[in-house]
Amino acid sequence: MKKALLLFLGIVLMAGSLYADNRKQIKRDQLPKAAQHYVMDNWNNVSISYCWQEIDGSKIEYRVRLVDGTVILFNRDGRWKEVVSEKALPESAIPASIRTYVKQMYRGSEILAMRKDPEHCIVSLDSGEELLFDFSGSFVR
């Protein structure tokens with residue numbers, strides 16, 4: 001179940017790149033500053049494998065893959081949109097209210113992925129469950 005979820009999320013992350021008008025590999029220092037800080041603050045001991053800039057019309061996104069297999073998708077401003085890993089995400093990368101809720105209600109579970117849609121943050125646990133939170137971090141379902 002865990003591997004199927006990761007495979008699905010990985011396909012979703014990579015699918016966007018198939019339709020991009022322009023995709024080019026960039027250097028770490030070409031990422032928006034907010035994206036650079038997010039990676040350094042949460043994965044400071046993990047090297048970046050590659051960074052891509054994807055332009056689709058007026059939409060610009062950045063994709064970062066770390067050597068540990070973690071993939072992070074950022075918007076044009078450098079804010080994370082999606083984070084997928086084969087192992088638990090660092091606690092520092094998870095919003096505090098979501099981290100607290102999962103620790104209290106799903107003891108022993110690890111967060112492997114997070115993604116934002118226009119209204120929510122969807123969190124995927126190692127048990128295969130998906131949890132929905134609003135942007136203030138309150139549990140929705």
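A quick note: this is a predicted structure, and the numbers were derived from the prediction, not measured. Numbers for residues simply follow the sequence, beginning at 1.
For the pair R115 and E130, the salt-bridge criterion is met [side-chain N within less than 4.0 Å of a carboxylate O]. By the 4.0 Å N-to-carboxylate-O rule, E61 lies too far from R23 to be salt-bridged with it.
A donor-acceptor pair under 3.5 Å is absent between the side-chain atoms of Q104 and the main chain of Y101, judged by distance alone. Panel note: side chain N75, backbone G78; a donor-acceptor pair is recorded below 3.5 Å. Looking only at distances, a side-chain donor or acceptor of R99 sits under 3.5 Å from a matching main-chain atom of E91. Proximity of a side-chain donor or acceptor of E110 to a complementary backbone N or O of D126 within less than 3.5 Å is not detected. Between the side chain of D117 and the main chain of E119, a donor-acceptor pair closer than 3.5 Å is present. Using modelled atom types, one side-chain atom of R76 and one backbone atom of S58 make a donor-acceptor pair closer than 3.5 Å.
Residues L66 and I94 are members of one and the same hydrophobic cluster, defined by side-chain heavy-atom contacts under 4.5 angstrom among Ile, Leu, Val, Met, Phe, Trp and Tyr. Connection of L73 to F135 is not established within any shared hydrophobic cluster, with ILVMFWY side chains joined at heavy-atom distances below 4.5 Å, either directly or through further cluster members. Taken together through direct or relayed side-chain contacts under 4.5 Å among Ile, Leu, Val, Met, Phe, Trp and Tyr, Y106 and V140 form parts of separate hydrophobic clusters. Taken together through direct or relayed side-chain contacts under 4.5 Å among Ile, Leu, Val, Met, Phe, Trp and Tyr, V67 and I72 form part of one hydrophobic cluster. Residues F139 and M114 are members of one and the same hydrophobic cluster, defined by side-chain heavy-atom contacts under 4.5 angstrom among Ile, Leu, Val, Met, Phe, Trp and Tyr.
Looking at T70 and V46, their side chains never come closer than 4.5 Å, going by heavy atoms from C-beta outward. For the pair I60 and E54, the minimum side-chain heavy-atom distance is 4.5 Å or more. Counting only heavy atoms from C-beta outward, the side chains of L31 and I26 approach each other to under 4.5 Å. The shortest distance between side-chain heavy atoms of V102 and I111 falls below 4.5 Å.
Distance CH2/W43 to CG/D41: 10.0 Å, rounded to 0.5 Å. Here the CG atom belonging to D134 is positioned 8.5 Å from the CD1 atom belonging to I98, to the nearest 0.5 angstrom. Atom CD1 of I48 and atom CG of D68 lie 11.0 Å apart (nearest 0.5 Å). Of the inter-residue distances, the one linking L131 atom CG with I122 atom CD1 reads 10.5 Å to the nearest 0.5 angstrom. If you take SG on C51 and NZ on K24, they are separated by 12.5 Å, rounding to the nearest 0.5 Å. One distance of note links CG of L132 with OG of S138; it measures 11.5 Å at 0.5 Å rounding.
Minimum interatomic distance between Y62 and Q53 (heavy atoms only, all atoms of both residues): OH-NE2, 3.2 Å. Closest heavy-atom contact between K103 and R107: O-CG, 3.2 Å. Shortest non-hydrogen contact noted between S97 and S136 is OG-O, 3.6 Å. For the residue pair R28 and M40, the shortest heavy atom distance occurs at NH2-CG, 2.8 Å. Of all heavy-atom pairs between A34 and D77, the closest is CB-O, 3.6 Å.
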Dump the intermediate steps for side-chain contact (heavy atoms from CB on, under 4.5 Å) on L125 and L112, then the final yes or no. CA-CA 6 Å; L125 304 179; L112 300 179; over 6 Å; no

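Annotation: M105, atom CE; neighbour count of heavy atoms from other residues, nucleotides and ligands within 6.0 Å does not exceed 12.
Side-chain contact, Q25 with Y50: no donor N or O sits under 3.5 Å from an acceptor N or O.
Taking the six-membered ring for Trp and thresholds of 30 and 60 degrees, Y38 and W80 have nearly parallel ring planes, at less than 30 degrees apart.
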